[in-house]
Structures are given as C-alpha cells and as structure tokens.
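Each ligand, and each atom within it, is numbered from 1 in the order the structure gives.
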Amino acid sequence: MKPITIETITLHAIALPFVEPLRTSFGEEPFKSAILVELKTTDGVTGWGEVSTEIHPGYSSETMGTAAHVLPEFLLPLVHGKTVASPTEIPQLIASVRGHLMAKHGLEAAAWDAWAKTNGIGLAEAFAAHLPEDHSPRGYGTVGVSIGIKPSVEATCAVIQKRIDQGYRRIKLKIAPGWDVELARGVRERFPDITLMLDANSAYTLADADLLKQLDAFNLLMIEQPLAYDDIYEHRKLQPQLKTPICLDESILSADDARMALELGACKIINLKPARVGGYTESLEIYKVCVEHGAPLWIGGMMETGVGRAANLAFASLPGVTLPCDISATDRYFDPDVTEPPFVIRPDSTIPVAAGEGIGVQVIGGRLHAAEHLWHVQYPYKTS
Ligand code: OSB
Ligand code: MG
C-alpha cells in the first residue's frame, strides 16, 4: 500500500436545513452543522472527512465552536507535511491533544479517504485491510431509522408507517421522562411485529429502574443509553434488573470503555459512532472487542452529511456489524445533500455502499458553498 503525505487542509464550516429535525431528550438542533475537512496530498489526491459537531454541547461536550478552535490551532499543525503509511498512524500524531474526539475523527476520516483513493480502493476495503481476512465487506449496510420526539403517539405512528413504507425494518424512537411507557405501549399496539428500540440519551437515573422495567413488556430490541452520559457503573446495576438489553452510546469513547462495559455486564450491545470515539482507527479496535466478546454491534449516526455517511456506511458493511445501523437514506435528512449520488434505501432495509474509490461520493462545489454561506449567516462569530 502507498503512503500519503499531507500537503494542505481546508476546513469548511457548513449548515444544512433538515428535512425532518430530530428532537431528543436534550433538545433539537435548528439545522445540521458540521465542519468538512478537505485534505490534499502531495500526489494531488483530495480526501474528505466530516467533523459532525452540533451547535449545543448536548449530546457531546464538543461543539462547532470547540472544533473550529482546536482544529486550526492545535490539530492541523501536528499533521501538516507528515507522511503516513496508513491512516491508523494519525491518532499517534495527534495524541498530545487530549479529548476533542469528534474533531480528531473528521481529520482522520479525510486521511482515510485520501489513502484509499491513493491506493485505488473503496473505504470498506481500506478498513478490511486492517482486519483479519475473514472480515471482507458485504457491499451494503443493514439500516434503520431514528425518529424524534413528536407531539403525540398518533403523530409518531404516522411517521413510523411512512418509514416502513419506504423500506425501513428497524425503528428507533427517542424517549424522555413522560414520553416513554405510554409511547411504547401505543406504538406496540399499532405495530405488533416491527423491530423496535428506544433511545433515552441519558434522560433517566437509577431511581427510575421500576419505570424502565415496565418497558420489558414491549419486546424491544434494546434501550439505548438510559442513564448518565459518562456512566458505566450504574448501567451495570440496571442491566440485571431489565430483560431488555441495554446498548451504550454516549458512555463508550474507546475500545477500553467497550471492553469494560461488556465484561462488567453494563450493556449487551454497543452503538459505535466513529465520530464519538475519535475515528476509524479506534472504531476498528472497538469492532475487534465486540467480535472477541460475541457482542452485537451497530453503527450509530450524527445525522451526517453524505461525506460522513458514506464512510460510516462503508464501515457498516463489515460483517462484525450485526444489527441495523442509524444510517438512513439521503431523503430522510437533506434535500439536497452536499454530495452525489444520494443514498437510497432498498426494500430489504439495506443501503448499498457507494461504488468507487475512497468514500465513493462527490462533494458538489456549489452546494458546499451554499452550505458554508448559510453557516456564516447563522454563526458569523464562530469561524473565520
Ligand atoms: O443518540 O444516536 C443518538 C443524533 C444526534 C445526537 C445523538 C443521536 C443522534 C441520532 C441520529 O440518533 C441518528 C441518525 O444519524 O440517523
Ligand atoms: Mg443514541
């Protein structure tokens, strides 16, 4: 495999209107925000990565503001002019910066795309090149859809029906205190057979164990992140009280966290968001931990643009990703996205990995500029 030498990196802060925003237990973002990382190598190859930070420090402590500060000030100088034989060398180059995992992820992702393109392979093959031979990519990801908090159970059921009609075979509903047991009961009555799961985004405490136990009645695939965003210990106390498997999202920032959570019994399933754990190098380590433990694994999402979604879908095509992923079709998120071609859901709830080298989708210049303009109109003080 050929190495890459990083010549220039350009950051694009963008805002994109959502087709349907996602209300969670911590609120709703006004539009999709991200910093797209454009990396050029000395061979003239361009790689793209997505820093999928939000405006508010609700899901993550990182924001558009922290990423716009840390990338140019601290991270980019550490990689400028550097040659790497593989993108898996990027984390050690930037290890002197603590935290800022989403910013690091976007930078590393751009290097993955450039490296795969330099070597004439798709991103899924690039990931598989760092795994044992029996982990060849499948060419598609099995996916579901995440539905936000709606004004009523009726309104939620209408969206579920629309998503089922589009081909989604796994439905995830956001919950919050007061929007949980009655929601699950109402949806189950209306849809007795769908694969259903809930995501609490850390809205409960151990004192709510009796309420959470009531959710066992609804045959849920899992409940995601019921307790605190930085907790493993109390999830370990909750899991034995529930029949429903707990899946950890916010609490898992590294392969060490995943190992600890699985071995302690704090969860039975891992949600792997490459953005949350600092990139695909750490994601590959988490993947290996899950394979080793026989733990079900799926890829979560940050409502990514086509840049981030293409790479996550490539990762989701690896055979150790065993459950449907939060990677939906383009028309669930944006009209239009900043990339072409769009991702389209098939009737069996799969999305094919984009064909071609690297991420396999093209960034459309005019749409990128429009999205940059919208960001600067909304948040002129955040980036230059
Ligand atoms: O908890 O999974 C989450 C989006 C923003 C912040 C947190 C979460 C989400 C999603 C997005 O659920 C799902 C998607 O990208 O389709
Ligand atoms: Mg989640």
Quiz item: Among side-chain atoms of Thr63 and His56, is any donor-acceptor pair under 3.5 angstrom?
Solution: no
Exercise. For ligand 1, indicate whether the residue Lys273 contacts it via side chain, backbone, both or neither (heavy-atom separation under 4.0 Å).
Key: side chain
Quiz prompt | Distance from atom 9 (C) of ligand 1 to nearest protein heavy atom, with residue and atom | solution = Gly301 O, 3.5 Å
Quiz item: Can you list the atoms of ligand 1 that are under 4.0 Å from a heavy atom of Glu54?
Solution: 5 (C), 6 (C)
Quiz prompt | Whether Lys117 side chain and Trp112 backbone form a donor-acceptor pair below 3.5 Å | solution = no
Quiz item: Does any N/O atom on Phe26 come nearer than 3.5 Å to any N/O atom on ligand 1?
Solution: no
Quiz item: Which angle, to 10 degrees, forms at the Mg ion (ligand 2) with OD2 of Asp199 on one side and OE2 of Glu224 on the other?
Solution: 90°
Quiz item: For Tyr287 and His135, does a side-chain donor sit closer than 3.5 Å to a side-chain acceptor?
Solution: yes
Quiz item: Applying a 4.0 Å heavy-atom criterion (strictly less than), which segment of Lys174 is in contact with ligand 1: side chain, backbone, both, or neither?
Solution: side chain
Quiz item: With distance as the sole test, does Gln239 use its side chain to make a donor-acceptor pair with the main-chain N or O of Thr244 at under 3.5 Å?
Solution: yes
Quiz item: Got an N/O contact under 3.5 Å between Tyr59 and ligand 1?
Solution: no
Practice problem: Restricting to N/O/S, name the atom of Asp249 that gets closest to the Mg ion (ligand 2). | Solution: OD2
Self-check item: Backbone of Arg169 reached by a side-chain donor or acceptor of Ser349 within 3.5 Å
Solution: yes
Quiz item: Purely on distance, is any nitrogen or oxygen of Glu250 under 3.5 Å from one on ligand 1?
Solution: no
Practice problem: State whether the shortest distance between N or O atoms of Asp199 and N or O atoms of ligand 1 falls below 3.5 angstrom. | Solution: yes
Practice problem: Decide yes or no for Leu227 and Gln225: does some side-chain heavy atom of the first lie under 4.5 Å from some side-chain heavy atom of the second? | Solution: no
Self-check item: Exam field: side chain Asp337 to backbone Phe334, donor-acceptor pair closer than 3.5 Å
Solution: no
Quiz item: Which ligand 1 atoms, with their elements, are less than 4.0 angstrom from a heavy-atom of Asp249?
Solution: 1 (O), 2 (O), 3 (C)
Quiz item: Contact between Arg309 and ligand 1, counting heavy atoms under 4.0 Å?
Solution: no
Practice problem: May I ask you to identify the nearest protein heavy atom to atom 15 (O) of ligand 1, giving residue, atom name and distance to one decimal place in Å? | Solution: Met303 N, 2.8 Å
Self-check item: Qualifying residue for side-chain contact (heavy atoms from CB on, under 4.5 Å) with Glu125, from Pro137, Ser136, Ser317
Solution: Pro137
Self-check item: Short side-chain donor-acceptor distance under 3.5 Å, Tyr59 and Asp249
Solution: yes
Quiz prompt | Step-by-step ring-ring contact (aromatic ring centres under 6.0 Å, His included) determination, His100 to Phe74 | solution = CA-CA 11 Å; His100 299 284; Phe74 301 111; 8.2 Å; no
Quiz item: Which ligand 1 atoms are under 4.0 Å away from a heavy-atom of Glu224?
Solution: 2 (O)
Quiz prompt | Glu250 near the Mg ion (ligand 2): N/O/S under 2.8 Å | solution = no
Self-check item: Subset of ligand 1 atoms that lie under 4.0 Å from at least one heavy atom of Leu22
Solution: 4 (C), 9 (C), 10 (C), 11 (C), 12 (O)
Quiz item: Does the side chain of Asp348 come under 3.5 Å of the side chain of Tyr140 through a donor N or O and an acceptor N or O?
Solution: no
Quiz item: How far is atom 16 (O) of ligand 1 from its nearest protein heavy atom, and which residue and atom is that?
Solution: Tyr333 OH, 2.7 Å
Quiz prompt | Thr24, Ile299, Asn201: member with heavy atom nearest to atom 1 (O) of ligand 1 | solution = Asn201
